[in-house]
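Since the structure comes first, as structure tokens, the remarks are kept for the end.
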Amino acid sequence: MPPDQSLDRRRFLALLGLAAAAPRPTEALELADANRLITENREDGIRVLSAQGEFVGARGAYYGPPVPFAQLPRHLIDALVASEDRRFYEHWGLDPRAMARAVWSTLTGRTQGGSTLTQQTIKEIYLKEHSPIVRKLLEEPVLAPILELNLSKEDILFVYLNRVFFGGSAHGIEAAARVYFNKYARSLSVLESAMMVGLLPAPNRFNPHRNFELSRDRGFRVIEQMVDADLLTRAAADRAKAQPVTVAPSRSAWGGFYPRGTQIGWFARWAENEANANAAPSARKGTRTITTTLDPRIQAAAERHLEQALRANARTRAIEEGAVVVMRLDGAVVALVGGRDYKRKEWDHATQAKRQPGSVAKLFVYLAALQEGSTPESRISDAPLTLGGRPVRNFDDTYLGDIPLSAALEKSSNTAAVRLAIRNTGEVRTLIERLNIADDPGGEAGDLALGTYEARLVDLTAAFASVANRGRMVVPYSVQRVQDPAGGELLTRVLPARSEIRQVLAPQQADAMRQMLAGVVQRGTGKAADPGFWAAGKTGTTTANRDAWFIGFTESYVAGVWLGNSDSKPMTGVSGGGLPAQIWRAVMTDAVRNA
């Protein structure tokens, strides 16, 4: 058919399409701007960036940065055309014979392709949720010619390859190349490109993480289709089939993709929850980008030292789980590890789990005593004590009589803490509530002093941060900024001036507590946490060694470490002054060294 007649037909179909689609909101469709089409109607998802702007993870739909058409490998384009739409450069958006086969297969309940790449592009952006029959009989025939009138063939391929779903949460070729081969799309080999195209009909079935041989064989089939379409010579095809392929380790877990390792999943999910809590439902659509407070160096150190400690001691000491939280003095969380293996268990022991804090709870008992007029030099009895007919025992079964409060805290004396809690029960309970540890800690003085109520690691760490911050309230946070798919600002955190932060402790009382907690690290139960520079903190161990804690701070960071078992089974010989203190020291040493 002469070119002018073909053009007339396209224009006629476009006009017919506009008329047929008039009852639908066609004015809302974007069909002329390729760059906008790439971000139009994206699946909901979150891109997570570090504080330095590095991509560290995605939750929900994962879209990589768009790859310009000029940077897409020619063999990738050829593989796509050969496999999905061999007459792509000849048709005007529709292939009548292929459409007839597709409609017939839909009507008879079978599955058979037939849509052109132009139709598939329209479907991907606007029509995925529509009835297949209506879509194939009316909507795609209406809209595909219009798209062809507005965009070049190159633009359509550009949009398609940067939008289509490749499995593994990956949308677009750049995301897929990173998920499956840990490389940029522009660097894909012929065989890798063929395997990517081979994913399109059934992304889950041909996923190379699930079945490499099946995925590679599917790639071989695509290469043969390239040969049949005269887009690849036989010799080049044979060379392509012999190319080595290294599939990247799977970095996907619980609906997310984390190129630095799946342990970041806990932080990413917490950041997503914080972003959602501060946004209306209407502002949660599409792919948002969250710039967080995460410091990848400290995150990697926390992951490494926790994993090493658990690997070395899990069997001999009956430890299954652990958690680490590191934040700056203002509450900005720079690292969070919620457990041993995010791919195996999504439950977060840092921000979800509530455990008994044990002797870590003595922080609130001694703060209450300072508020009531005591000083670190004030005397308190460490003598044996009976409460409610039951003896209160010290961890080491030694009793020193009257000693200074500072010495009692360094020793983690249970009898001294209970006596202080009896004097100031109401004040202790008020502090626990004011510092967001528990709404109603309940229990009597002994329960408050020995930490038999339940609390979260992230909240306890923030309470120590309030001490480090000279008594100013610290609320942990992970989100600095949230942007919509087009880059517009949805949320920007504005930190309050120091004078506007609520003062929950008098500065002099916080300073006295800092001094006492430093003594715990220098001379007391926390000596294993001593990093060789100024540090302060507190150990904690619960009955039968079910929980072991160390929480403390330096001049720059506050961190909390917890070890235990999800089912609360006892550990063997694990106390807060042992492994948790050692993990804390290792993480803090790395954090300060690289600051």
Looking at [Y] and [X], is any side-chain nitrogen of the basic one under 4.0 Å from a carboxylate oxygen of the acidic one?
X: Asp590; Y: Arg593; result: yes
X: Glu320; Y: Lys345; result: no
X: Asp295; Y: Arg297; result: yes
X: Arg178; Y: Glu174; result: yes
X: Glu410; Y: Lys538; result: no
X: Arg284; Y: Asp44; result: no
X: Asp547; Y: Arg355; result: yes

Taking side chain as C-beta onward, heavy atoms only, is [X] less than 4.5 Å from [Y]?
X: Leu329; Y: Val558; value: yes
X: Arg429; Y: Thr425; value: yes
X: Tyr477; Y: Val333; value: no
X: Val418; Y: Val365; value: no
X: Phe267; Y: Val56; value: no
X: Ile380; Y: Arg423; value: yes
X: Trp549; Y: Leu457; value: yes
X: Met513; Y: Leu370; value: yes

So His209 and Tyr180, ring-ring contact (aromatic ring centres under 6.0 Å, His included) or not? Walk me through it.
CA-CA 7 Å; His209 285 147; Tyr180 297 119; 5.3 Å; yes

If you measure only the distance, is there a donor-acceptor pair under 3.5 Å linking the side chains of [X] and [Y]?
X: Ser566; Y: His349; result: yes
X: Ser413; Y: Thr415; result: yes
X: Glu489; Y: Thr492; result: yes
X: Asp348; Y: Thr351; result: yes
X: Thr525; Y: Thr539; result: yes
X: Arg288; Y: Asn276; result: yes
X: Lys285; Y: Asn41; result: no
X: Tyr453; Y: Asp440; result: no
X: Asn469; Y: Asp330; result: no

For the residue pair [X] and [Y], what are the closest heavy atoms and their distance?
X: Ala335; Y: Gln299; answer: CA-OE1, 3.2 Å
X: Pro404; Y: Pro376; answer: CB-O, 3.7 Å
X: Val574; Y: Asn545; answer: O-ND2, 2.8 Å
X: Ser466; Y: Val474; answer: OG-N, 3.2 Å
X: Ala323; Y: Ala350; answer: CB-N, 4.0 Å

Hey, mind stepping through Arg269 and Glu274 against salt bridge (charged side-chain N to carboxylate O under 4.0 Å, His left out) and telling me if it holds?
CA-CA 9 Å; Arg269 190 184 65 171; Glu274 183 181 336; over 6 Å; no

Spell out, as yes or no, whether a donor-acceptor pair under 3.5 Å connects the side chain of [X] to the backbone of [Y].
X: Arg472; Y: Val504; result: no
X: Thr292; Y: Leu49; result: yes
X: Arg546; Y: Ser568; result: yes
X: Asn313; Y: Ala309; result: yes
X: Ser412; Y: Leu409; result: no
X: Lys411; Y: Thr398; result: yes
X: Trp584; Y: Phe553; result: no
X: Trp254; Y: Tyr342; result: yes
X: Thr542; Y: Pro357; result: no
X: Asn394; Y: Asp396; result: no

Both conditions, 6.0 Å and 45 degrees, for the charged tip of Arg47 above the ring of Tyr63: are they met here?
no

In sequence, state the C-alpha distance, the side-chain angles, and the governing distance for Arg59 and Glu272, and then conclude on salt bridge (charged side-chain N to carboxylate O under 4.0 Å, His left out).
CA-CA 8 Å; Arg59 287 181 56 78; Glu272 179 184 15; 2.4 Å; yes

Ring centroids only, cut at 6.0 angstrom: are Tyr62 and Phe55 within range, meaning strictly under it?
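Yes, close enough.
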
Kindly determine whether Leu405 and Ser374 satisfy side-chain contact (heavy atoms from CB on, under 4.5 Å), including the steps that lead there.
CA-CA 8 Å; Leu405 262 63; Ser374 296; 3.9 Å; yes

Evaluate Lys569 against Asp567 for salt bridge (charged side-chain N to carboxylate O under 4.0 Å, His left out), listing each step before the verdict.
CA-CA 6 Å; Lys569 288 182 179 178; Asp567 58 5; 3.7 Å; yes

